[in-house]
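Accompanying notes for the structure given below.
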Protein chains: 2
Amino acid sequence: MSGPIRRSWKDVRDHIHRRVLDGTYRPGDKLPRDEDIAETLGCARSTVQRAMQDLSDAGIVERKRKGGTHVRVDPVSRATLDIPITRREVEARGATYSYHLAQRRLAQTPRSIVTTLALSAPEEMLHVQALHLSDRRPYIYEDRWVSTRTAPEILDVDLSRFSANEWLVRNKPYSRYDLRLYAIAAEAAEAVQLDVEQGAALLVIERTTWIGDLPITTVRSVTTPGYQLLAQNGE
Amino acid sequence: MSGPIRRSWKDVRDHIHRRVLDGTYRPGDKLPRDEDIAETLGCARSTVQRAMQDLSDAGIVERKRKGGTHVRVDPVSRATLDIPITRREVEARGATYSYHLAQRRLAQTPRSIVTTLALSAPEEMLHVQALHLSDRRPYIYEDRWVSTRTAPEILDVDLSRFSANEWLVRNKPYSRYDLRLYAIAAEAAEAVQLDVEQGAALLVIERTTWIGDLPITTVRSVTTPGYQLLAQNGE
DNA sequence: AATGTTTATATGTAGGTACATAATATTGTC
DNA sequence: GACAATATTATGTACCTACATATAAACATT
């Protein structure tokens with residue numbers, strides 16, 4: 001149907017995608033081999049390959065050597081979350097960002113942190129608690145542990161002026177991370193810091209980063225009520 | 001330093017990535033042009049291009065025509081969340097999945113749904129409320145609206161036996177979606193359905209899908225206490 | 001029938017060439 | 001100096017060829 005005169009790999013991708021969307025190819029169906037599609041659409045196989053790679057990344061199709069390309073049976077909803085530096089996030093919404101350091105001290109990591117960071121034993125790390133504010137109102141409360149072994153320079157940073165969040169993200173690239181999202185009821189300490197009622201439902205974003213096998217930091221960011229994480233995709 | 005004998009694009013990618021990680025290239029720095037990197041590493045430019053594309057997708061570098069390639073100044077934490085079919089999720093953890101339809105009726109969309117789906121005016125849709133269970137215990141409570149205009153076939157599906165979640169994801173591919181994550185305190189209705197105390201902190205996953213401009217469905221999935229969304233990345 | 005081995009084949013990758021495109025840098029004009 | 005037109009250049013895309021790799025399918029062996 002749709003003309004044989006196609007060019008870019010995005011056209012090819014959209015062409016195939018459309019056929020999945022309109023039911024020409026249904027979940028589980030096998031698609032023609034790249035070469036045949038290329039011939040049908042009048043383009044090179046490499047162009048089809050590029051298009052298919054994208055559809056595969058997007059979770060639309062599955063490809064296997066020799067096995068061919070199939071429309072995914074259980075399409076997962078694949079969402080890409082971008083978690084920006086908190087200051088940027090606040091400023092992007094036109095609000096004034098500010099920051100308050102609540103605690104900074106060296107301490108032995110408790111068991112929970114040992115587990116999270118996959119340490120072999122407790123060790124001394126920098127424990128930082130800080131509040132990010134948007135228009136002078138509490139926005140995110142972060143409880144962070146930073147490895148002084150992996151990131152010793154953090155000890156020289158004036159954390160009362162610059163957030164560890166920002167310094168780390170700019171100066172300590174990581175090679176691996178975990179992200180964990182869940183809800184908690186505000187406990188006494190958090191309720192006070194965030195100025196919310198005890199028991200309020202709050203979204204927590206927990207992030208842990210490593211460089212190679214070395215732990216850099218783990219942070220538990222407790223957001224204020226109403227906070228939403230958004231992801232969009234498509235078109 | 002690292003030998004000039006490199007081959008695959010993944011090697012090239014890792015090589016560059018390593019140099020970002022070890023500080024050879026710092027945030028904001030400009031990288032050599034693809035051609036020079038290709039020459040240095042002894043590979044074709046297309047191989048470097050492939051590697052750079054991947055680093056760009058991962059949010060490590062930014063590329064601009066004529067402008068060259070730069071290490072991102074504000075590295076965002078980019079996480080890919082896969083949200084599977086609920087049944088699969090439960091079964092993957094070795095639990096027994098079951099499902100209970102709580103309500104199914106045609107109704108006018110309330111204002112909030114009109115907004116979410118970007119409708120021009122309220123219209124009649126299928127309103128479904130259902131409970132997903134894991135080992136006979138409440139797991140996720142979903143409140144869903146399905147467009148009978150875009151997906152009329154849903155009216156013929158026996159929703160007391162098959163979840164709308166599964167039917168839709170298998171039969172109604174979408175071209176665009178929104179994802180929204182936040183925390184709520186359980187209200188009376190939810191507390192009863194999920195068998196939790198009123199006021200308990202719950203993670204909510206809200207998903208809306210369209211095909212082109214046509215709304216398919218919007219669902220508000222309220223998870224049980226302790227539910228976590230995970231994303232991992234790297235190495 | 002169950003198991004191991006070989007073969008065929010679709011995708012994956014690398015190399016090379018040519019041209020397209022966008023955006024910066026330069027030049028020209030007032 | 002300000003601004004518009006033009007040239008330059010790094011990335012992006014397309015096409016082709018050749019070979020690598022995984023694995024489904026066919027075949028052989030117990």
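Proteins get letters first, then strands, A, B, ... in listed order; numbering begins at 1 in each.
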Worksheet item: Looking at Asp54(B) and Arg13(B), does any basic side-chain N land under 4.0 Å from a carboxylate oxygen?
Response: yes
Worksheet item: Considering only heavy atoms, which members of residues 30-39 of chain B lie under 4.0 Å from some atom of DNA chain D?
Response: Arg33(B), Asp34(B)
Worksheet item: Atom CG of Asp11(B) to atom P of dG12(C): distance rounded to whole Å?
Response: 18 Å
Item to complete: Return the orientation label for the Tyr174(B) and Tyr177(B) ring planes: parallel under 30°, perpendicular over 60°, tilted otherwise.
Response: perpendicular
Discussion item. Tell me every residue that passes side chain to side chain contact (heavy atoms under 4.5 Å, CB included) with Thr224(B), counting only those two or more places apart in sequence or in another chain.
Written reply: Pro138(B), Tyr139(B), Leu194(B)
Practice prompt. Locate the shortest heavy-atom distance separating Ile216(B) from Trp210(B); write the atom from each residue and the value.
Written response: CD1-C, 3.9 Å
Worksheet entry | For atom CZ of Arg45(A) and atom C1' of dG12(C), their distance in whole Å | 8 Å
Discussion item. In whole Å, I'd like the distance from the NE2 atom of His70(A) to the P atom of dT11(C).
Written reply: 9 Å
Practice prompt. Would you please confirm or rule out a distance under 4.0 Å between OP1 or OP2 of dG16(C) and any side-chain N or O of Ser46(B)?
Written response: no
Worksheet entry | Of all pairs that satisfy salt bridge (charged side-chain N to carboxylate O under 4.0 Å, His left out), the ones with a partner from residues 148-161 of chain A, not counting sequence neighbours | Glu123(A)-Arg149(A), Glu153(A)-Lys172(A)
Practice prompt. Identify, with sequence neighbours excluded, every residue that meets salt bridge (charged side-chain N to carboxylate O under 4.0 Å, His left out) alongside Arg88(A).
Written response: Asp74(B)
Worksheet, complete the sentence: Whole-Å distance, Gln53(A) CD to dT13(D) P, equals 14 Å
Worksheet item: Do any side-chain nitrogens or oxygens of Thr47(A) fall under 4.0 Å of OP1 or OP2 in dC15(D)?
Response: yes
Worksheet item: Just wondering, do Val90(A) and Leu133(A) contact through their side chains at under 4.5 Å, heavy atoms?
Response: no
Fill in: Rounded distance in Å - CZ (Arg50(B)) to C1' (dG12(C))
9 Å
Practice prompt. State which residues pass side chain to side chain contact (heavy atoms under 4.5 Å, CB included) with Val219(B); sequence neighbours excluded, sorted by chain then number.
Written response: Glu142(B), Arg144(B), Arg207(B), Ser221(B)
Discussion item. Salt bridge or not between Glu91(A) and Arg87(A)? Use side-chain N to carboxylate O under 4.0 Å.
Written reply: yes
Practice prompt. Tell me which residues in residues 54-66 of chain B put a heavy atom below 4.0 Å from DNA chain D, sorted by number, or none.
Written response: Arg63(B), Lys64(B), Arg65(B), Lys66(B)
Worksheet entry | Below 4.0 Å: OP1/OP2 of dT11(D) and any side-chain N or O of Gln49(B) | no
